[in-house]
A.B. asks: 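Here you go, one structure.
The analysis underlying the following values was restricted to heavy atoms, covering all of them including side chains, and did not include hydrogens, waters or symmetry mates. Residue numbers begin at 1 in each chain, while the letters A, B, ... track the order of the sequences. In this text, all values refer to a predicted model and were calculated from it rather than measured experimentally.
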Amino acid sequence: MSLPCGVFAQSYAQDMGALRTKTQWLMLLAFLVFLAACPLFFSDRVLTIMTIIGITVVSVHGLNILTGYCGQISIGHAGFMAVGAYTSGILTAKAGMPFWVALPCAALAAGVVGLIFGLPSLKIKGFYLIMATIAAQFIIVWLIIQLRSITGGPDGLSVPRPEIGSFVFKSKASYFYLVMVIACLATFLAQNIVRTRAGRAFVAIRDNDLAAEVMGINLWAYKLLAFFIGCVYAGVAGSLLVHYFAFACLDQFPFMNSVWYLGMLIVGGMGSIPGAIFGSVSLKLLDELVTIVGPVLSTIVAAQAAASLALISRGVVIMLFLIFEPRGLAHRWERIKAYYRLWPFSH
Amino acid sequence: MTFFLQLVITGFALGMVYALIAIGFVIILKCSEAFNIAQGHFVMIGGYLGFTFLVTFGLPIWASLAAAIAVAIVMGLLIERLALRPLVGQPVLAVVMMTVALSTVLEGLATLIWGGEYKTYHGVLPTINLRLGELSIPSETTIAMIVSVVAVAGLMLLFRYTKMGLAMRATADDEQVVQSVGIRVTSVYALSWGIASVLGVVGGILLGGISGVMIPLSQVGIKAFAVVLLGGVNSVGGAIVAGIILGILENVAAGYLDPLLPGGGLASVFPFIVMIVVLIFRPYGLFGLERIERI
């Protein structure tokens, strides 16, 4: 259904290919060229939005592998991002390391913290795991406040912009390129991780953990691996975020964001790589819409309308998708494609 | 020693309120197997409703309580019908995300209606001063204790002696059998949401009387989750015992340890530490049913 008529696979490798037709290659190429050309004709404001979307995409890919593919629900993703963000911030600002060393360290630190909080996942699932990850979010934030001497606590921490030699990623355009390269790499890796042995084990665990164990999948190892990979993505995203703002503070990683990332997955489509991208792009754009509409409403209705609109719009979007489109935009997109391919016939 | 006893007594009253909120959570969970993340937001709404009826409208306490309960019932039934009914049979994540979305919507509505400001109605509640030796028991604490005990007793009677209570207990036991004997499961779901909403709102009025109302009051729901996990998710009695334990522990720990820690705020993470410890060592809680799953 997802391929046009007349595309045949002659080997397993071909059948598993992510890109199958010349049109798909062409579209990918066109998209990359479009991304590369963005700074030429977009204003700084649009570039900022796109950079933030790119960072969100990285983070949501991680959550998608953990929740969408492995079925381990985490409402603590922003907390894991904070671990990566502060690791990278402290290493660059206090220890004077270059960004390029701090970024992998941040990813690793977030991954290890994710492993620690993933430990209960063998014994518990469903709601209990949700509670454990919510607890992770709040405990991480509390620890960051407690370690005020190195993290800056509530005052925040200034971090330098990344640099190569004498070139500093100071302009919006340069940072946009940096984020987009990493976001594309992250997407490429995510698409390939879910097709490996580990990725198929994740799906088996998500669909039925007992059956997976009977098939010989080591539940514990693969659940922990999913936590590690998901949190590594979160760490990279967190690091990119604080270096973009050149400042790290706890307001960048509120509990609400953890919920919102899951909302992105639901809107985009769980367990689908394009879904993660659809979800983060559409919901970030919704946020932007709210920041434009909000102040207008504030002047008409009441001063607090902007704040409440932001909350209500987020909640209502998630609710509507859960009721009317539980498989997300990715599923709808496939349906639309199939419809146009077959038009004017119905089958 | 007086300091310690004082902490224990205020902790006990607080724990009773936590138990009240947690029972609402347990009732929904037992009847419809839905985890209600928005329970804490019922509490916040309850606090604001208390403010509206007691201060803005100037109603007497009994009328305010009745009005708030009426609003709570309508809210609970509406939420069940509009948001949760379409999700019957969906996976855990869908239901949980629905209640999470619900909590953001409730927060947004509270911001819109009450402006998200700090409201307090300290002097409005009746005053009952009690002294036990050297200990003075604050009036709000006494009221919280009395109302919680009455509410819990009322629920116990409802479950034991009414037909609807019997239907609810039966639904908690086995949904399909209940349907086959002609009980409408959907109305049991609706009732459970109504009761949970009322319990949350009553808890909110009590907590609002103790420390005032603002949006972050909804985080008390997280304490209720810790209570629920500690007591065992499907045990009403466990929720009461665990509520009291957590209330006392939290108050005592905060009273003694907060001066030692530079950042303070131990009371706010305490429930999470309890949660993680319970989840690692005894996931089914003190009184919960142990679900054995072996191959």
Side-chain angles (χ1 to χ4, degrees), chain A residues 67 71 73 75 117 119-120 123-132 134-139 141-143 145-149 153-154 209-210 213-214 255-256 259-260 262-263 265-266 270 301-305 307-324 326, chain B residues 29 33-35 37-38 82-83 85-87 90-98 100-117 215 219 222 225-226 228-229 233 261-266 268-269 271-276 278-284 293-295:
Chain A
T67 303
I73 304 163
I75 315 193
F117 283 103
L119 280 179
K123 277 190 165 183
I124 57 179
K125 51 189 174 190
F127 175 72
Y128 300 92
L129 189 62
I130 296 176
M131 282 294 123
I134 291 180
Q137 159 97 31
F138 283 90
I139 291 175
V141 167
W142 183 70
L143 278 178
I145 294 176
Q146 289 299 313
L147 300 171
R148 178 176 306 203
S149 53
D209 53 349
L210 286 182
E213 194 164 19
V214 174
F255 173 63
M256 190 59 215
V259 172
W260 199 219
L262 263 184
L265 268 192
I266 284 171
M270 286 249 172
V301 188
Q304 65 269 20
S308 69
L309 177 71
L311 289 165
I312 294 177
S313 64
R314 287 178 165 197
V316 167
V317 163
I318 297 177
M319 280 181 167
L320 292 180
F321 266 87
L322 279 171
I323 294 174
F324 296 110
Chain B
L29 178 65
E33 292 185 355
F35 296 96
I37 302 277
L82 296 179
R85 190 79 60 84
L87 293 188
Q90 295 278 340
V92 174
L93 176 69
V95 178
V96 168
M97 276 314 285
M98 179 54 90
V100 168
L102 196 65
S103 68
T104 33
V105 171
L106 287 179
E107 200 171 317
L109 285 178
T111 314
L112 189 65
I113 299 171
W114 290 283
E117 288 158 18
I215 298 285
Q219 289 194 357
I222 287 165
F225 301 151
V228 168
L229 290 178
V233 283
L261 287 166
L266 186 70
S268 59
V269 272
F272 299 108
I273 297 170
V274 171
M275 243 188 237
I276 289 278
V278 171
L279 285 175
I280 291 176
F281 293 107
R282 210 177 155 85
Y284 42 90
E293 206 173 71
R294 289 211 186 91
I295 303 168

A.B. asks: Less than 4.5 Å to any heavy atom of chain B: does that hold for the side chain of A/L262, its backbone, both, or neither?
C.D. replies: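 Both the backbone and the side chain of A/L262 come within 4.5 Å of chain B.
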A.B. asks: Quick one: what part of A/I266 sits under 4.5 Å from any heavy atom of chain B, side chain, backbone, both or neither?
C.D. replies: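 Only the side chain of A/I266 comes within 4.5 Å of chain B.
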A.B. asks: Check B/A94 against A/L322 and note the closest heavy-atom contact, atom names and distance.
C.D. replies: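 For B/A94 and A/L322, the tightest heavy-atom pair comes out as O-CD1, 3.5 Å.
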A.B. asks: Under a 4.5 Å cutoff for heavy-atom pairs, which residue among B/V105, B/V96, B/V100, B/L112 has the most contacts with chain A?
C.D. replies: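 Top count of heavy-atom pairs under 4.5 Å with chain A: B/L112.
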A.B. asks: Which answer fits A/F321, side chain, backbone, both or neither, if we ask what part of it has an atom under 4.5 Å from a heavy atom of chain B?
C.D. replies: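 No part of A/F321 comes within 4.5 Å of chain B.
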A.B. asks: To the closest 0.5 Å, what do you measure between CE (B/M97) and CD1 (A/I75)?
C.D. replies: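 If I round to the nearest 0.5 Å, the distance is 6.5 Å.
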A.B. asks: Let me know which of B/L87, B/T104, B/L102 forms a side chain to side chain contact (heavy atoms under 4.5 Å, CB included) with A/M319.
C.D. replies: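 Looking at B/L87, B/T104, B/L102, the match for A/M319 under the side chain to side chain contact (heavy atoms under 4.5 Å, CB included) is B/L102.
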A.B. asks: With only heavy atoms counted, which part of B/L229 is less than 4.5 Å from chain A, the side chain, the backbone, both or neither?
C.D. replies: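 It is the side chain, since no backbone atom gets that close.
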A.B. asks: Name the region of B/Q219, side chain, backbone, both or neither, that has any atom closer than 4.5 Å to a heavy atom of chain A.
C.D. replies: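 Side chain only.
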A.B. asks: Is B/L93 close to A/M270 at the side-chain level, that is, under 4.5 Å between some pair of heavy atoms?
C.D. replies: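 Side chain of A/M270 against side chain of B/L93, heavy atoms only: contact under 4.5 Å found.
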A.B. asks: Looking at every non-hydrogen atom in both residues, tell me the closest pair between A/I323 and B/P86 and how far apart they are.
C.D. replies: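 Heavy-atom minimum between the residues: CG2-CB, 3.9 Å.
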A.B. asks: Is A/I130 close to chain B through its backbone or its side chain, or both, or neither, when contacts mean heavy atoms under 4.5 Å?
C.D. replies: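 Just the side chain, heavy atoms under 4.5 Å.
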A.B. asks: For A/L311, which of B/L106, B/T111, B/I215, B/L109 qualifies under side chain to side chain contact (heavy atoms under 4.5 Å, CB included)?
C.D. replies: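 Of the listed residues B/L106, B/T111, B/I215, B/L109, the side chain to side chain contact (heavy atoms under 4.5 Å, CB included) partner of A/L311 is B/T111.
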A.B. asks: Among A/A132, A/P326, A/S308, which residue forms the greatest number of heavy-atom pairs with chain B at distances under 4.5 Å?
C.D. replies: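 The residue among A/A132, A/P326, A/S308 with the greatest pair count is A/S308.
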A.B. asks: Which one, A/I312, A/V317, A/V141, leads in non-hydrogen pairs under 4.5 Å with chain B?
C.D. replies: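 Between A/I312, A/V317, A/V141, the count favours A/I312.
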